[in-house]
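The next block holds one structure in the form of structure tokens; read it before the comments.
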Amino acid sequence: MTQYSRGNVVRGNRGEPGPTHAYYLDEQAENCVVEGNLAVDTSWPSHNHMTKNCIIRNNVFVDRGPQQITFPRSGGVRFERNIIVAEEVSFGSPADGIVSLAGNIVHSRSGKTTLREVAHDYSTVKTGPLTPRDGTLFTDPRMEVTEDNAVRFLPGSPAPGLGIAPIDLRRSGPGR
């Protein structure tokens with residue numbers, strides 16, 4: 001059975017020590033879909049441990065500091081049409097962990113993007129620059145994230161051309 005995580009907002013606190021996970025798929029998660037979510041200042045918005053054939057798409061992960069996205073002991077992951085903005089961006093995955101990295105926008109304000117190849121025993125095999133592939137762009141997404149949880153694309157944003165949909169998670173009425 002496929003499990004979905006959609007339409008969620010997670011706002012972390014950069015002042016607290018240690019990482020904050022927004023979306024954590026753990027052991028034996030299979031065929032899960034994480035889409036249309038917003039994570040702000042979480043430092044570790046997506047951690048996927050021992051997952052198979054999961055899809056992470058059309059999410060926005062924004063951070064003031066460094067950010068990591070990891071897939072230890074995972075395989076068949078499709079990471080598509082996401083926007084990642086941080087001071088520094090790091091991915092950790094086995095060599096065959098991510099089968100598609102299509103149509104994402106990655107913006108490292110410092111220009112530092114890394115890919116750590118992680119072995120089955122969690123040790124780092126090698127580290128190198130994360131390079132664009134499958135239509136992923138390394139550029140400013142030209143967007144704004146509002147305090148009330150809407151993501152708006154500004155004129156000239158490459159996001160619509162990649163098929164990335166805007167996210168509007170504002171709540172209205174009682175309980176807002």
Side-chain angles (χ1 to χ4, degrees), residues 2-26 29 31-49 51 54-71 74 77-92 98 100-110 112-113 130 132 134-176:
T2 301
Q3 298 291 317
Y4 293 92
S5 174
R6 284 193 183 117
N8 299 291
V9 176
V10 177
R11 288 188 176 266
N13 182 352
R14 272 293 189 183
E16 295 296 317
T20 303
H21 301 296
Y23 308 101
Y24 189 138
L25 302 180
D26 207 354
N31 301 315
C32 295
V33 178
V34 177
E35 70 180 341
N37 299 293
L38 172 63
V40 178
D41 287 332
T42 58
S43 73
W44 203 339
S46 184
H47 178 61
N48 307 273
H49 178 244
T51 65
C54 293
I55 300 169
I56 300 166
R57 70 175 166 228
N58 211 90
N59 300 286
V60 174
F61 304 144
V62 179
D63 233 292
R64 287 178 279 172
Q67 186 178 97
Q68 63 179 329
I69 298 168
T70 52
F71 307 91
S74 294
V77 175
R78 303 181 69 79
F79 192 87
E80 302 174 337
R81 298 188 320 267
N82 299 287
I83 296 176
I84 302 158
V85 177
E87 188 62 28
E88 181 178 330
V89 177
S90 173
F91 275 72
I98 303 171
S100 175
L101 197 62
N104 299 286
I105 298 173
V106 177
H107 181 57
S108 166
R109 290 184 292 275
S110 70
K112 292 176 84 175
T113 57
L130 176 66
D134 305 332
T136 286
L137 302 175
F138 282 27
T139 189
D140 185 338
R142 304 219 12 91
M143 67 174 194
E144 66 179 4
V145 178
T146 66
E147 288 296 318
D148 61 351
N149 305 320
V151 176
R152 295 187 188 109
F153 300 136
L154 302 173
S157 172
L162 293 172
I164 300 172
I167 297 174
D168 189 343
L169 300 172
R170 293 176 289 180
R171 309 236 190 270
S172 59
R176 177 172 185 225

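This one's a predicted model, so the numbers in the text were calculated from it and none came from an experiment.
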Residues Thr70, Trp44; criterion side chain to side chain donor-acceptor pair (under 3.5 Å); working and verdict: CA-CA 8 Å; Thr70 52; Trp44 203 339; 2.8 Å; yes

Can you tell me how far [atom2] of [Y] sits from [atom1] of [X], rounded to the nearest 0.5 angstrom?
X	Y	atom1	atom2	answer
Asp134	Phe79	CG	CZ	12.5 Å
Ile105	Asp140	CD1	CG	9.0 Å
Thr146	Arg152	OG1	CZ	5.0 Å
Leu130	Thr113	CG	OG1	5.0 Å
Asn48	His21	CG	NE2	10.5 Å
Asn104	Leu162	CG	CG	8.5 Å

Verdict with reasoning, Val106 to Leu137, per side-chain contact (heavy atoms from CB on, under 4.5 Å): CA-CA 6 Å; Val106 177; Leu137 302 175; over 6 Å; no

Validation row: [X], [Y] side chains within 4.5 angstrom (heavy atoms):
X	Y	answer
Asn37	Ser5	yes
Glu144	Phe153	no
Met143	Val85	yes

Please find the pair of heavy atoms, one from [X] and one from [Y], that lie closest to each other, and give the distance.
X	Y	result
Phe91	Ile98	CD2-CD1, 4.0 Å
Ser108	Glu87	OG-O, 3.1 Å
Pro45	Gln68	CD-O, 3.4 Å
Cys32	Leu25	CB-CD1, 4.0 Å
Asp63	Thr42	OD2-N, 3.2 Å
Tyr23	Val10	OH-CG2, 3.7 Å

Check against side-chain contact (heavy atoms from CB on, under 4.5 Å), Ile83 and Ile164: CA-CA 8 Å; Ile83 296 176; Ile164 300 172; 3.9 Å; yes

Stepwise side chain to side chain donor-acceptor pair (under 3.5 Å) test for Arg81 and Asn59: CA-CA 7 Å; Arg81 298 188 320 267; Asn59 300 286; over 6 Å; no

Lys/Arg-Asp/Glu bridge criterion (N-O < 4.0 Å) met for Asp168, Arg170: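 Looking at Asp168 and Arg170, the cut-off is met.
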
Side-chain ion pair, Glu80 and Arg57, N-O less than 4.0 Å: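 No, no charged N to carboxylate O under 4.0 Å.
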
Is a donor on one side and an acceptor on the other found under 3.5 Å between the side chain of [X] and the backbone of [Y]?
X	Y	result
Arg142	Pro155	yes
Asp41	Arg64	yes
Ser157	Pro141	yes

Verdict with reasoning, Asn8 to Leu38, per side-chain contact (heavy atoms from CB on, under 4.5 Å): CA-CA 6 Å; Asn8 299 291; Leu38 172 63; over 6 Å; no

Phe61 and Gln67: CA distance, side-chain angles, deciding distance, side-chain contact (heavy atoms from CB on, under 4.5 Å) verdict: CA-CA 9 Å; Phe61 304 144; Gln67 186 178 97; 3.7 Å; yes

